[in-house]
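Comments concern the structure below.
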Amino acid sequence: MTVRFRLALTVFLTGLATAVGVIVAVALAFQRFDHEGTWQRGDAFLGRVVAQHPDLMAQQRADPQTFAVFLRSLLLYEPNSQLYLLAADGTVLASTGRMQLAPGFKVALPPVRLAAAAAGGADRSAAYVMGDDPEYMDADAVVGARALRSGPRPHSEPDGYLYLVCRKPGLPPPRAALLLGSLARPALASVLAVIAFTTLLAAWIIVTVTRPLRVLSDEVAMAAREGFSMAVGVVAPEPGAGTPDEFGRLRGGFHALLARLRMQWDELSRLDRFRRESVSNLSHDLRSPLTATVACLETLETRWQDDPARAEDMHLVEVALRNTRNAAGMVRSLGDLALLDEPEFRLKPMRLDLVEVLDDITLRFAARAAQQGVALAFRPEGGAPLAAEIDVELFERALANLLDNALKHTRAGGAVTVTAAREAGRVSVAVADSGAGIAAEDLPHLFDRLYKARGSVAPASSEEGKGLGLAIVKRIVELHRGEIVVSSAPGHGTTVTMTLPA
């Protein structure tokens with residue numbers, strides 16, 4: 001559900017509730033006005049009747065039947081009303097209604113007394129009075145009443161009441177038509193005008209609010225899609241987008257943030273490019289002198305190896321040769337990492353069976369493993385071909401680094417096992433050894449460049465000793481869109497698993 005739709009729905013429901021409220025208010029106001037008019041007309045009618053016939057109680061006692069006819073004659077001009085003569089306790093003595101009431105039927109006195117007290121405007125605590133309709137006791141009606149007394153006793157208890165039910169429940173057809181006419185013409189027209197105005201106003205508000213949000217969301221999507229290479233402000237500002245309101249400030253803040261991030265990104269890119277170029281140049285410049293040094297040391301080693309007088313010199317040459325070779329390997333690894341980090345670097349994938357590649361690499365290390373007294377084995381799982389698209393040279397480099405690292409940390413009598421399996425469209429290659437394992441605090445930093453575990457020995461003993469071998473492996477796996485995971489515990493060996501797309 002979009003923001004525009006939610007706003008439009010909210011405005012529509014608000015307008016609908018307003019319209020219903022206005023209609024209900026008009027209906028209630030009309031009903032109140034009608035009740036007040038009805039009560040005033042009925043009260044005036046009772047006043048005239050009592051003024052002309054002050055002895056109604058005596059007439060009823062003298063001749064009840066004639067009195068009932070007399071009461072009906074009084075209602076010739078009030079066809080929707082009923083007139084009752086009540087005793088002081090509310091008992092109906094005479095009635096103009098067609099329904100025969102039960103003997104001793106009583107009307108509730110509180111509304112009667114309230115209507116009698118308000119008669120003639122003496123006590124207008126209520127605009128009108130609702131009371132019982134003897135013929136429809138389940139619904140109230142507008143009623144009027146006058147107290148009847150025999151003789152000049154204005155403040156004495158009344159002998160009875162002349163009780164008028166001004167209208168039976170429900171509007172008569174003329175008044176119903178009047179109510180519908182009042183709502184259908186002026187009131188309904190006003191409500192429709194209000195709804196139309198609020199709809200236009202809501203449409204303007206929705207467009208005003210959502211347009212800058214849409215522009216900003218498009219720019220955010222473009223920034224997410226194109227990264228920091230996107231030029232700031234490439235999206236043409238729409239009318240009102242640059243106004244100094246909340247949305248204008250939000251868009252300006254976004255552009256300022258994007259510009260600052262681009263500046264920082266450019267600086268980081270410049271530094272990273274400088275680092276890679278420096279490492280690559282340094283690696284290239286050091287290879288030649290190191291190669292020449294290794295050649296000279298190998299020449300001295302060949303010349304002095306059979307001369308007992310040069311035994312001490314031979315020891316120094318061996319140490320220098322070993323460290324020079326390690327330094328040359330580290331320089332080569334640094335150059336390889338710099339090359340793999342280049343944004344322009346691309347793999348040269350080939351579709352082939354990994355079983356053959358793994359078997360060939362394992363055979364290369366078989367002689368070294370046998371010399372160290374370590375059992376090296378390759379065990380493909382499942383027996384099916386493990387087809388994958390890989391850069392053969394890089395993949396062999398990664399697996400060779402893992403095997404070299406495993407053999408370095410596995411003592412004589414141990415074992416190094418290479419396994420391969422296919423799982424849900426992916427190929428996993430694992431190198432497991434039975435060496436000393438890796439401490440838990442070193443595992444999170446195992447692939448960090450130039451990281452060296454505190455328990456490691458023989459500085460510069462290999463490129464892995466300086467934290468470059470596993471860093472190269474991780475980078476190669478990332479270039480293949482794969483993952484690498486290490487599981488290890490001290491005393492229980494180490495397993496490194498590479499997972500690649502099949």
>> Checking Tyr128 against Val143 for the side-chain contact (heavy atoms from CB on, under 4.5 Å) test, could you report, in this order, the C-alpha distance in whole Å, the side-chain angles of both residues, the deciding distance, and whether it holds?
In response: CA-CA 8 Å; Tyr128 57 90; Val143 299; over 6 Å; no
> If you measure from OG on Ser217 to CE on Met222, what distance do you get to the nearest 0.5 Å?
Replying inline: 11.0 Å
> Considering all heavy atoms of both residues, which atom of Val319 and which atom of Asn323 are nearest to each other, and what is their separation?
Replying inline: O-ND2, 2.8 Å
> Met263: what forms a side-chain contact (heavy atoms from CB on, under 4.5 Å) with it, not counting sequence neighbours?
Replying inline: Arg260
>> side-chain contact (heavy atoms from CB on, under 4.5 Å) for Val431 and Leu399? Distances and angles first, verdict last.
In response: CA-CA 8 Å; Val431 177; Leu399 188 60; 3.6 Å; yes
Could you tabulate the donor-acceptor pairs under 3.5 Å formed by side-chain atoms of residues 470-479, not counting sequence neighbours?
unit_1 : atom_1 : unit_2 : atom_2 : d
Arg475 : NE     : Leu340 : O      : 3.2
Arg475 : NH2    : Leu340 : O      : 3.2

> Leu443 and Val486: side-chain contact (heavy atoms from CB on, under 4.5 Å), yes or no, with the steps?
Replying inline: CA-CA 8 Å; Leu443 281 176; Val486 178; 3.9 Å; yes
> When you look at Thr499 and Val427, which way does the side-chain contact (heavy atoms from CB on, under 4.5 Å) test go after all the steps?
Replying inline: CA-CA 6 Å; Thr499 304; Val427 175; over 6 Å; no
> What residues, two or more places apart in sequence or in another chain, satisfy salt bridge (charged side-chain N to carboxylate O under 4.0 Å, His left out) together with Glu36?
Replying inline: Arg32
>> Could you report the tightest heavy-atom contact between Leu407 and Ala369, atom names first, then the distance?
In response: CD2-CB, 4.0 Å
> What closest approach, in Å, do Phe254 and Leu216 show between heavy atoms, and which atom pair accounts for it?
Replying inline: CD2-CD1, 3.8 Å
> Can you list every pair that meets salt bridge (charged side-chain N to carboxylate O under 4.0 Å, His left out) and has a residue in residues 359-380, with sequence neighbours left out?
Replying inline: Asp360-Arg364, Arg364-Glu396, Arg368-Asp404
>> Once side-chain hydrogen bond (donor to acceptor under 3.5 Å, both in side chains) is applied, do any residues pair with Arg481, and if so which ones, sequence neighbours excluded?
In response: none
> Do you know the tightest heavy-atom contact between Asn401 and Gly469?
Replying inline: ND2-O, 3.4 Å
>> Run the side-chain hydrogen bond (donor to acceptor under 3.5 Å, both in side chains) test against Glu267 and tell me which residues pass, sequence neighbours left out.
In response: Arg270
> Going by the salt bridge (charged side-chain N to carboxylate O under 4.0 Å, His left out) test, which pairs reach into residues 289-307, not counting sequence neighbours?
Replying inline: Glu298-Arg325
> CD1 of Ile361 to CG of Leu403: how many Å apart, nearest 0.5 Å?
Replying inline: 7.5 Å
>> Rounded at 0.5 Å granularity, tell me how far CD1 in Ile390 sits from CG in Leu500.
In response: 7.5 Å
>> Show me the pairs that pass side-chain hydrogen bond (donor to acceptor under 3.5 Å, both in side chains) and involve residues 410-435, at least two apart or across chains.
In response: none
> CG of Leu300 to CD of Glu318: how many Å apart, nearest 0.5 Å?
Replying inline: 12.0 Å
> Residues in side-chain hydrogen bond (donor to acceptor under 3.5 Å, both in side chains) with Glu356, at least two apart?
Replying inline: none
>> Can you see whether His480 engages Glu389 through a side-chain donor-acceptor pair at a distance of less than 3.5 angstrom?
In response: no
> With sequence neighbours left out, what residues match Glu393 under salt bridge (charged side-chain N to carboxylate O under 4.0 Å, His left out)?
Replying inline: none
> side-chain hydrogen bond (donor to acceptor under 3.5 Å, both in side chains) with Ser488: which residues, sequence neighbours excluded?
Replying inline: Thr494
> Nearest heavy-atom pair of Thr495 and Ala430: which atoms, and what distance?
Replying inline: CG2-CB, 4.2 Å
> With sequence neighbours excluded, what pairs up with Leu257 under the side-chain contact (heavy atoms from CB on, under 4.5 Å) test?
Replying inline: Leu261
